[in-house]
S.K.: 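Here it is, the structure in full.
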Amino acid sequence: MTKKRRVVITGIGTLSACGLGYEPLWEMALAGRSAIRELTDFSQNGSPIKVGGEILDFKAEDFVKSRKSLKVMSRDIQLAVAASVLAVRDSGIAFEAADRYRAGVTFGSGLINNELDELGYAIKQSLDADGKFRLERFGREGIRALYPLWLLKYLPNMPACHITMLHGLKGPNNTLTTSSTGAVQAVGEAYRVIERDDADVMLAGASDSKINPLGLSRFHLLGILSEKNHVPSEVYRPFDLRRDGMVVGEGAGIFVLEEKEHAVKRGARIYGEILGYGATFDSQERAMRWALREAGRDLKDIGFIHANGSGIPKEDILEAHSISRVFQN
């Protein structure tokens with residue numbers, strides 16, 4: 001039987017409302033402080049959504065030097081690329097001296113929202129004489145008003161594409177569009193890639209930005225946002241009796257995963273090892289049990305559970321029941 005390849009974490013790159021890098025995120029977590037604050041962009045222009053997890057003081061130019069590349073990067077892509085730069089820098093790995101065919105990317109990406117200023121003129125060209133939007137006119141005339149490479153900014157596979165090109169990686173490349181589970185699934189699937197000897201190094205994580213008029217309006221129409229959106233200290237209460245919905249935000253997080261011997265050989269700092277992974281279509285409980293079984297660990301070995309905690313009343317109940325069924329047996 002072939003010896004199972006061990007996979008470790010050697011680099012961390014994050015951007016969040018707490019700040020750039022994992023240090024401010026970790027510090028605020030230890031202090032129990034929230035970074036939810038009043039939105040700066042458009043909350044004063046009649047929007048019912050006033051607060052969220054907005055990243056401040058982020059300049060994509062600090063991470064992407066090519067102006068041509070920036071023209072085809074949505075904010076989601078910019079955050080993803082910046083997180084990859086921070087993760088690679090933190091890991092100390094030098095891809096120029098590595099086998100690039102043994103290094104790749106697995107990335108979680110959601111629905112990337114369009115910017116209104118780009119769509120505005122195209123929509124204007126799609127109105128009839130009564131000022132009503134006509135889809136056939138958009139397909140015939142409105143689409144021509146858009147920037148020729150407009151679509152490249154919003155394809156869900158483009159974050160992984162830009163990360164790959166920036167670091168010159170030539171190994172496995174995959175994108176997962178599974179909403180809020182995309183990030184952890186990307187890490188799990190990248191773990192599998194290294195475990196089965198298809199790569200030695202993988203960048204894995206996700207990015208998303210809902211601080212956008214279209215993104216906010218979509219969630220608002222679905223009725224799943226917290227209605228206490230004018231009080232930052234009260235708006236997000238997962239698993240609390242007073243919870244009334246989710247709070248939107250933006251961010252990116254990427255791990256550098258390595259085969260353990262590969263990491264040890266180059267003298268890398270190792271944050272931890274991935275021991276198990278479980279994924280199912282509709283059962284959080286089963287996924288947790290599969291991960292525990294693969295890891296060969298008992299319930300008493302688990303010291304921390306990172307819950308999704310959306311704050312949506314029904315979803316929190318389902319998640320809480322799944323956790324209790326696993327850990328209170």
Side-chain angles (χ1 to χ4, degrees), residues 1-14 22 25-26 29-30 83 87 90-91 93 102-108 171-172 174-176 178-206 238-239 252-310 315-316 318-329:
M1 183 176 180
T2 304
K3 182 181 178 181
K4 182 178 178 180
R5 284 161 56 90
R6 298 171 66 179
V7 182
V8 297
I9 300 168
T10 58
I12 304 174
T14 68
Y22 66 82
L25 177 63
W26 182 241
L30 292 178
D90 183 57
S91 75
I93 193 167
R102 299 283 298 174
V105 177
T106 303
F107 207 75
N174 192 19
T175 295
L176 302 172
T178 50
S179 189
S180 57
T181 66
V184 69
Q185 281 191 274
V187 173
E189 295 302 321
Y191 158 68
R192 290 279 187 250
V193 171
I194 297 175
E195 183 188 49
R196 64 175 179 255
D197 200 16
D198 283 339
D200 295 318
V201 183
M202 293 290 291
L203 304 187
F239 303 112
I254 292 180
F255 284 156
V256 176
L257 305 184
E258 280 187 71
E259 190 275 325
K260 186 176 181 181
E261 292 182 9
H262 185 278
V264 171
K265 185 176 180 180
R266 71 177 185 87
R269 171 183 51 189
I270 295 176
Y271 287 102
E273 181 176 356
I274 299 177
L275 300 178
Y277 167 55
T280 68
F281 178 70
D282 64 349
S283 174
Q284 295 171 322
E285 178 185 353
R286 189 178 298 274
M288 286 186 279
R289 292 191 186 280
W290 284 359
L292 283 166
R293 183 182 64 188
E294 181 182 359
R297 292 296 188 269
D298 295 325
L299 297 179
K300 60 180 176 58
D301 297 321
I302 306 302
F304 172 76
I305 302 172
H306 191 114
N308 183 42
S310 67
E315 289 191 7
D316 278 7
L318 291 173
E319 185 173 21
H321 285 172
S322 295
I323 294 172
S324 66
R325 282 194 293 269
V326 173
F327 288 91
Q328 291 184 9
N329 286 345

S.K.: Any side chain to side chain donor-acceptor pair (under 3.5 Å) pairs touching residues 196-205, not counting sequence neighbours?
M.R.: R5-D197, R5-D200, R102-D197, R102-D200, R196-D198
S.K.: Of all the heavy-atom pairs spanning A186 and G108, show the shortest one and how long it is.
M.R.: CB-N, 3.8 Å
S.K.: Taking E259 for the side chain and E261 for the main chain, is one N or O donor matched with an acceptor at less than 3.5 Å?
M.R.: yes
S.K.: Which heavy-atom pair separates T280 from A287 by the least distance, and what is that distance?
M.R.: CG2-N, 4.0 Å
S.K.: Would you give the length of the straight line joining atom CD1 of I270 to atom CD1 of I9, rounded to the nearest 0.5 angstrom?
M.R.: 10.5 Å
S.K.: Looking at OH of Y191 and CZ of R6, how far apart are the two atoms once the value is rounded to the nearest 0.5 Å?
M.R.: 10.5 Å
S.K.: Flag the pair V7 / K260 as yes when at least one side-chain heavy-atom distance between them is below 4.5 Å, and no otherwise.
M.R.: no
S.K.: Tell me, please, which residues at least two apart from R293 pass salt bridge (Lys or Arg N to Asp or Glu O under 4.0 Å).
M.R.: none
S.K.: Would you say the side chain of L257 lies within less than 4.5 Å of the side chain of V187, judging by non-hydrogen atoms?
M.R.: yes
S.K.: Report the residues that fulfil side chain to side chain donor-acceptor pair (under 3.5 Å) with E319, sequence neighbours left out, ordered by chain and then residue number.
M.R.: none
S.K.: For I93 and R266, run side chain to side chain contact (heavy atoms under 4.5 Å, CB included): C-alpha distance rounded to whole Å, both residues' side-chain angles, the deciding distance at 0.1 Å, then the answer.
M.R.: CA-CA 8 Å; I93 193 167; R266 71 177 185 87; 3.8 Å; yes
S.K.: Can you check whether L299 reaches L292 side chain to side chain, under 4.5 Å on heavy atoms?
M.R.: yes
S.K.: Main chain of V201, side chain of E258: is a donor-acceptor contact present, judged purely on distance under 3.5 Å?
M.R.: no
S.K.: Kindly give the heavy-atom pair with the smallest separation between G278 and A291, and that separation in Å.
M.R.: N-CB, 3.7 Å
S.K.: Would you compute the distance between atom OG of S283 and atom CG of L318 and round it to the nearest 0.5 angstrom?
M.R.: 11.0 Å
S.K.: Considering all heavy atoms of both residues, which atom of S310 and which atom of E315 are nearest to each other, and what is their separation?
M.R.: OG-OE1, 3.2 Å
S.K.: Run the side chain to side chain donor-acceptor pair (under 3.5 Å) test against T106 and tell me which residues pass, sequence neighbours left out.
M.R.: none
S.K.: Test of understanding: with salt bridge (Lys or Arg N to Asp or Glu O under 4.0 Å), list the residues that count as partners of E195, not counting sequence neighbours.
M.R.: K4, R192
S.K.: Drop me the distance from F107's CZ to L203's CG, to the nearest 0.5 angstrom.
M.R.: 9.5 Å
S.K.: Going by an N to O cut-off under 4.0 Å, is there a salt bridge joining R289 and E285?
M.R.: yes
S.K.: For I323 and A307, work out which heavy atoms get closest and say how close.
M.R.: CD1-CB, 4.2 Å
S.K.: How many angstroms lie between OH in Y271 and OG in S91, if you round to the nearest 0.5 Å?
M.R.: 9.0 Å
S.K.: How would you list, by chain and number, every residue that makes a salt bridge (Lys or Arg N to Asp or Glu O under 4.0 Å) with R269, sequence neighbours excluded?
M.R.: D90
S.K.: Measure across A252 and A83 and return the closest heavy-atom pair with its distance rounded to 0.1 Å.
M.R.: CB-CB, 3.8 Å
S.K.: Just verifying a value: how many Å separate I194 CD1 and E189 CD, rounded to the nearest 0.5 Å?
M.R.: 12.0 Å
S.K.: For a side-chain hydrogen bond (donor to acceptor under 3.5 Å, both in side chains) check, start with the C-alpha distance between T181 and T178, then their side-chain angles and the critical distance, and finish with the verdict.
M.R.: CA-CA 6 Å; T181 66; T178 50; 3.2 Å; yes
S.K.: For residues E294 and W290, determine if any side-chain heavy atom of one lies less than 4.5 Å from a side-chain heavy atom of the other.
M.R.: no
S.K.: Does T14 use its side chain to pair, donor to acceptor, with the backbone of Y22 at less than 3.5 Å?
M.R.: yes
S.K.: Would you indicate whether the side-chain heavy atoms of Y277 and V184 approach each other to under 4.5 Å?
M.R.: no
